[in-house]
Colleague: 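Could you have a look at this structure, given as C-alpha cells, before my questions?
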Amino acid sequence: EVQVVESGGGLVQAGGSLRLSCAGSGFTFDDYTIGWFRQAPGKEREGVSCIRPGDGSTVYADSVKGRFTISSDNAKNTVYLQMSSLKPEDTGIYYCTADLRYCSLSYFYTPDDYDSWGQGTQVTVSS
C-alpha cells in the first residue's frame, strides 16, 4: 500500500523558513512522483511543487519559485520542501502525495485523482 507521511510544519514569522518532510513507504520510490499541495482555509487545494526522485525532475508553482526548494533523499525514501522567505499567504495545510504520473505542471491540475495523501502538516506564517 502506497503511504506518505508529512512532518515539519509549524508557526513562523514572515520572512522565516521551514523544512517539510514527506516520508514514503509501500512503493518503489524512484518510479513515483512526489507532489506537495497546500490548502488555505476556504480555498481549494493548490499545487506547490513536485519531484520525480528517479530522474530528479522538479516543477514549482509560480507563487513559490525562488523561495521554495524541493529535494529527495532516495536512500531514506523522503522528499523535503525547504521553504524560505515565507509570506502570510503561504499559510495552510501542506499535503504530499505519491503518484506514477510524471512531474509536470499537469500534476497539479487534478488533485482529486490522487489516492495516496498524507494527513497534512499545518504551516502558519504570521505577519
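Side-chain atoms are counted along with the backbone in the values below, which use heavy atoms only and exclude waters and symmetry mates. In this chain, numbering begins with 1 at the start of the sequence shown.
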Colleague: Less than 4.5 Å apart, any side-chain heavy atom of Tyr114 and any of Arg101?
Modeller: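 Yes, close enough: below the 4.5 Å cut-off.
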Colleague: For a side chain to side chain donor-acceptor pair (under 3.5 Å) check, start with the C-alpha distance between Asp55 and Ser57, then their side-chain angles and the critical distance, and finish with the verdict.
Modeller: CA-CA 6 Å; Asp55 62 19; Ser57 56; 2.7 Å; yes
Colleague: Run the side-chain contact (heavy atoms from CB on, under 4.5 Å) test against Val2 and tell me which residues pass, sequence neighbours left out.
Modeller: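 Expected list: Phe27, Tyr32, Ala98, Ser116.
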Colleague: Check whether any side-chain N or O of Asn74 sits under 3.5 Å from a backbone N or O of Pro53 as a donor-acceptor pair, and report yes or no.
Modeller: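 Side chain of Asn74 to backbone of Pro53: a pair is present.
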Colleague: As an exercise, state the distance from CG of Leu18 to CD of Gln82, rounded to the nearest 0.5 Å.
Modeller: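 Separation between the atoms: 8.5 Å.
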Colleague: Tell me, with the steps shown, if Met83 and Trp36 meet side-chain contact (heavy atoms from CB on, under 4.5 Å).
Modeller: CA-CA 12 Å; Met83 307 186 296; Trp36 282 100; over 6 Å; no
Colleague: How about Thr91 and Gln122: do any of their side-chain heavy atoms sit closer than 4.5 Å?
Modeller: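 The answer is yes; the side chains approach within 4.5 Å.
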Colleague: Does Leu100 share a hydrophobic cluster with Val79, counting links as ILVMFWY side-chain heavy atoms below 4.5 Å and allowing steps through other members?
Modeller: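 Looking at the clustering, Val79 is in the same group as Leu100.
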Colleague: Transitively linked via ILVMFWY side-chain contacts under 4.5 Å: Phe108 with Ile93?
Modeller: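 Cluster IDs for Phe108 and Ile93 match.
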Colleague: Out of curiosity, Ile51 CD1 to Ser72 OG, how far, rounded to the nearest 0.5 Å?
Modeller: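 So the gap between those two atoms works out to 4.0 Å.
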Colleague: Tell me, with the steps shown, if Leu20 and Thr121 meet side-chain contact (heavy atoms from CB on, under 4.5 Å).
Modeller: CA-CA 8 Å; Leu20 306 183; Thr121 186; 4.0 Å; yes
Colleague: Distance check, rounded to the nearest 0.5 Å: Leu81 atom CG versus Ser71 atom OG?
Modeller: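 Rounded to the nearest 0.5 Å, the CG-OG separation comes out at 8.5 Å.
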Colleague: To the nearest 0.5 Å, tell me how far Glu46 CD sits from Ser63 OG.
Modeller: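 Taking CD in Glu46 and OG in Ser63, the distance rounds to 5.0 Å.
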Colleague: Taking side chain as C-beta onward, heavy atoms only, is Tyr102 less than 4.5 Å from Cys50?
Modeller: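 No, their side chains stay 4.5 Å or more apart.
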Colleague: Using atom types as modelled and distance alone, determine if a side-chain donor or acceptor of Glu6 lies under 3.5 Å from a backbone N or O of Gly120.
Modeller: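 Looks like yes, one N/O pair under 3.5 Å.
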Colleague: Please tell me whether Thr28 and Asp30 have a donor and an acceptor in their side chains that are separated by less than 3.5 angstrom.
Modeller: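 No, no side-chain donor-acceptor pair sits under 3.5 Å.
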Colleague: Does the side chain of Tyr80 reach to within under 4.5 Å of the side chain of Thr69, using non-hydrogen atoms?
Modeller: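 No, their side chains stay 4.5 Å or more apart.
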Colleague: Do you know which two heavy atoms are closest between Phe37 and Thr97, and how far apart they sit?
Modeller: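 What the structure gives for the nearest pair is CE1-CG2, 3.7 Å.
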Colleague: Cation-pi check, Arg38 to Tyr94: give yes when NZ or CZ is under 6.0 Å from the six-membered ring centre and within 45° of the ring axis, no otherwise.
Modeller: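 No.
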Colleague: Should Val12 and Ser126 count as side-chain neighbours, where that means a heavy-atom distance under 4.5 Å?
Modeller: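 Not touching, per the 4.5 Å side-chain cut-off.
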Colleague: Would you confirm whether Arg67, through its side chain, and Ser85, through its main-chain N or O, come within 3.5 Å as a donor-acceptor pair?
Modeller: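 At least one qualifying donor-acceptor pair exists.
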Colleague: Determine whether Cys22 and Ile34 make a side-chain contact, defined as any pair of heavy atoms from C-beta on separated by less than 4.5 Å.
Modeller: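 They are in contact (side-chain heavy atoms under 4.5 Å apart), so the answer is yes.
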Colleague: So which heavy atom on Ser49 is nearest to which on Val59, and how close?
Modeller: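 So the minimum-distance heavy-atom pair works out to OG-O, 2.8 Å.
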Colleague: Between Tyr95 and Gly35 (side chain of the first, backbone of the second, donor and acceptor by atom type, cut-off under 3.5 Å), is there such a pair?
Modeller: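 Here the side-chain-to-backbone pair does not exist.
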Colleague: Just verifying a value: how many Å separate Arg19 CZ and Ser84 OG, rounded to the nearest 0.5 Å?
Modeller: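 Here the interatomic distance stands at 11.5 Å.
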Colleague: Look at the side chain of Thr78 and the backbone N and O of Lys76, then say whether any donor-acceptor pair between them is shorter than 3.5 Å.
Modeller: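 Yes; judged by distance alone, with no hydrogens or angles, the pair exists.
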Colleague: As a quick check of understanding, evaluate side-chain contact (heavy atoms from CB on, under 4.5 Å) for Lys87 and Val125, giving each step before the final call.
Modeller: CA-CA 6 Å; Lys87 305 175 182 179; Val125 184; 5.5 Å; no
Colleague: Do the non-hydrogen side-chain atoms of Tyr107 and Thr33 ever get within less than 4.5 Å of each other?
Modeller: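 They are in contact (side-chain heavy atoms under 4.5 Å apart), so the answer is yes.
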Colleague: Nearest 0.5 angstrom please: Arg52 CZ to Ile70 CD1, how far?
Modeller: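 It is 13.0 Å, given to the nearest 0.5 Å.
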Colleague: Crowded around Gln13 CD? As in, over 12 foreign heavy atoms under 6.0 Å?
Modeller: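 Open.
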